[in-house]
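Every chain is numbered from 1, with letters handed out A, B, ... down the list of sequences.
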2 protein chains.
Amino acid sequence: MARNPISPSKARRPLASADETRLALIRAALKLFGAQGFDATSTREIAARANANVASITYHFGGKEGLRAAAAEQIVLTLRTNEGALLAESLDPRTLSADEAEGHLVSVFDAMASFLLATPEAEDIALFILRELAQPTAALDIIYEGMFRPTHERMCQLWAAATGEGPDSEATKVTLLTLIGQVVYFKFGRAAVLRRMGWSSIDEDKAGLISGTVRANVRAIVASRRKPVPTA
Amino acid sequence: MARNPISPSKARRPLASADETRLALIRAALKLFGAQGFDATSTREIAARANANVASITYHFGGKEGLRAAAAEQIVLTLRTNEGALLAESLDPRTLSADEAEGHLVSVFDAMASFLLATPEAEDIALFILRELAQPTAALDIIYEGMFRPTHERMCQLWAAATGEGPDSEATKVTLLTLIGQVVYFKFGRAAVLRRMGWSSIDEDKAGLISGTVRANVRAIVASRRKPVPTA
DNA sequence: GTCTATAAACAGATAGAC
DNA sequence: GTCTATCTGTTTATAGAC
């Protein structure tokens with residue numbers, strides 16, 4: 001039953017549904033937590049940006065802290081739909097030849113670079129994660145399990161297929177971390193990178209230069225570690 | 001003239017000098033700004049940790065913001081005395097052979113890794129910088145000019161001497177940024193790295209594994225980019 | 001479910017005694 | 001230079017009308 005079946009003049013703007021309010025709050029929180037930090041962002045500010053009121057945060061999320069967890073879940077969801085295609089495909093790396101695996105590995109880094117450096121949504125997400133890395137909360141656990149670990153695992157499998165090293169060895173895992181570091185530094189260290197390069201932003205051309213460099217680096221490192229195929 | 005020439009019982013603990021108070025405040029601020037963020041840290045908390053009182057912050061630094069700048073200056077000072085030896089040496093990279101330059105470049109990364117990953121002081125510093133990267137202030141300018149730019153410039157010169165590429169080209173600068181990213185990721189992404197590796201901390205052994213991997217990567221990438229020496 | 005009003009705690013800055 | 005007390009503004013959370 002509608003609360004206000006006949007109100008010809010009172011409700012000039014249709015009231016947002018509960019779900020719309022919820023999502024608007026999450027979006028606003030994601031942006032503001034990333035841009036200013038959790039503590040520096042007031043619930044009033046979030047509510048204002050979401051066209052809602054402060055009390056709605058307590059109502060929907062139990063409080064500011066619950067809103068942070070919801071934002072982390074939203075990040076995982078976005079990442080799954082954008083980048084997931086490459087990673088979640090059922091393709092078994094063990095059936096690939098070394099060259100095919102190397103090609104796939106390079107593609108994964110390409111996808112990562114282009115999402116991270118050239119997608120508008122990545123802006124808020126990267127900053128949110130950066131702040132969680134500085135001071136981990138339950139939100140980081142959500143992002144770690146939903147994104148970080150699956151991606152890194154997949155990369156290790158491709159690396160193993162490309163080089164012949166074990167997918168779970170410390171050496172493999174550390175190596176993939178160094179490779180990931182190459183890319184994410186441009187996002188996390190953006191402020192310093194831009195100054196040093198004399199760039200005002202990272203546009204598509206610049207992203208291409210970066211991902212080309214990363215691609216070449218990955219290929220050089222794989223080549224240096226590739227093991228001779230057993231001739232048995 | 002002493003304020004209290006004869007007070008046998010009143011002053012049980014000798015009063016800290018102005019400089020001692022100043023330094024204690026800077027140290028406390030550096031740690032707390034890094035651990036909790038600037039906005040989440042109250043001046044009362046800083047004063048308590050420094051065994052001083054709130055009003056002393058305004059007196060010595062003009063306010064909370066001035067304390068942040070002083071912390072950034074302290075970081076540059078620490079970095080200069082610790083790592084500076086490697087970078088500031090008057091050695092001209094252009095007089096080096098390609099092999100010597102490559103060796104020096106590898107050493108610079110080794111020094112960076114061991115400072116970053118195995119030095120206790122690096123803890124507070126890295127977190128402080130991480131937060132400045134998320135939300136740059138005047139403090140980042142101080143650190144950029146005092147540390148980031150000189151280090152990166154020096155690396156580019158060594159790279160140029162090792163490969164024959166130009167020290168100021170975009171390709172060189174981007175490449176060195178990817179190489180730096182390999183290392184710093186273990187510090188900035190520490191929370192995720194530890195989970196993924198199943199480590200509880202990065203001790204000396206682990207730092208050795210990481211810097212060994214980075215060393216091998218750098219050599220592989222240099223080798224893949226090395227230009228044939230002109231035979232003229 | 002949404003919104004206004006308010007409660008209770010805490011922030012940074014400062015005045016003035018010492 | 002240090003310290004206590006206080007001013008002014010802002011914070012999250014909540015009670016209760018609608």
Side-chain angles (χ1 to χ4, degrees), chain A residues 1-26 28-29 32-33 35-71 137 139, chain B residues 1-29 32-33 35-71 137-139:
Chain A
M1 200 192 297
R3 180 168 38 140
N4 221 343
I6 32 161
S7 69
S9 66
K10 202 176 178 184
R12 55 187 63 188
R13 160 168 68 83
L15 279 179
S17 77
D19 277 359
E20 280 166 348
T21 302
R22 229 187 102 88
L23 191 60
L25 284 170
I26 290 176
L32 292 171
F33 289 165
Q36 310 175 335
F38 182 81
D39 298 288
T41 303
S42 71
T43 50
R44 284 173 165 75
E45 206 176 351
I46 298 167
R49 172 176 268 268
N51 279 116
N53 67 85
V54 253
S56 65
I57 292 172
T58 309
Y59 178 79
H60 283 286
F61 305 97
K64 197 182 177 185
E65 203 57 61
L67 189 47
R68 164 151 65 183
T137 71
Chain B
M1 202 190 295
R3 181 169 38 141
N4 219 342
I6 33 163
S7 68
S9 65
K10 201 175 177 184
R12 55 187 65 190
R13 160 167 69 82
L15 280 179
S17 77
D19 277 0
E20 280 165 349
T21 302
R22 229 187 102 88
L23 191 59
L25 285 170
I26 290 176
R27 275 195 224 282
L32 292 171
F33 288 164
Q36 311 176 334
F38 182 81
D39 296 289
T41 303
S42 70
T43 50
R44 288 172 166 77
E45 205 176 353
I46 297 167
R49 172 177 267 267
N51 280 115
N53 66 85
V54 253
S56 65
I57 291 172
T58 309
Y59 178 78
H60 283 287
F61 305 98
K64 198 183 178 185
E65 203 58 61
L67 188 48
R68 163 150 66 183
T137 70

Nearest-neighbour nucleotide for the His60(B) side chain, dA13(D), dG1(D), dG12(C) considered = dG1(D)

Picking from dA15(C), dT2(D), dC3(C), which would you name as closest to the side chain of Ala55(B)?
-> dA15(C)

Interatomic distance, [X] [atom1] vs [N] [atom2] [rounded to whole Å]:
X: Ile46(A); N: dT2(C); atom1: CD1; atom2: C1'; answer: 18 Å
X: Glu45(B); N: dC10(C); atom1: CD; atom2: P; answer: 12 Å
X: Asp19(A); N: dG1(C); atom1: CG; atom2: C1'; answer: 12 Å
X: Leu25(B); N: dT2(D); atom1: CG; atom2: P; answer: 9 Å
X: Arg22(B); N: dT2(D); atom1: CZ; atom2: C1'; answer: 16 Å
X: Ile57(A); N: dC3(C); atom1: CD1; atom2: P; answer: 12 Å
X: Tyr59(B); N: dT4(D); atom1: OH; atom2: C1'; answer: 18 Å
X: Asn53(B); N: dG1(D); atom1: CG; atom2: C1'; answer: 9 Å

For DNA chain D, the dot-bracket notation using Watson-Crick and G-U wobble pairs below 3.5 Å, [ ] for pseudoknot-type crossings and | for other-strand pairs, is |||||||.||||||||||

If you take all heavy atoms of [X] and [Y], which pair is closest and at what distance?
X: Ala47(A); Y: Leu25(A); result: CA-CD2, 4.2 Å
X: Leu67(A); Y: Phe33(A); result: C-CE1, 4.5 Å
X: Lys64(A); Y: Thr43(A); result: CG-CG2, 3.9 Å

Does dG1(D) have OP1 or OP2 sitting under 4.0 Å from an N or O in the side chain of Ser56(B)?
-> no

Reckon Thr21(A) has a side-chain N or O less than 4.0 Å from the OP1 or OP2 of dT2(C)?
-> yes

To the nearest 0.5 Å, tell me how far Ile46(B) CD1 sits from Asn53(B) CG.
->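 The distance works out to 13.0 Å.
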
His60(A) NE2 to Thr21(A) OG1 distance, which is reported to the nearest 0.5 Å |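 Going from the NE2 atom of His60(A) to the OG1 atom of Thr21(A) covers 5.0 Å.
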
Single hit among Gln36(A), Arg68(A), Arg49(A) for side chain to side chain donor-acceptor pair (under 3.5 Å) with Thr41(A) |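 Of the listed residues Gln36(A), Arg68(A), Arg49(A), the side chain to side chain donor-acceptor pair (under 3.5 Å) partner of Thr41(A) is Gln36(A).
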
Which is true for Ser42(A) with a 4.0 Å heavy-atom rule: it touches a base, it touches only sugar-phosphate, or it touches nothing?
->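 The answer is sugar-phosphate, as Ser42(A) gets under 4.0 Å only of primed atoms, P, OP1 or OP2.
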
Does Glu65(A) reach the side chain of Phe38(A), with side-chain heavy atoms less than 4.5 Å apart?
->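 Yes - at least one pair of side-chain heavy atoms lies under 4.5 Å apart.
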
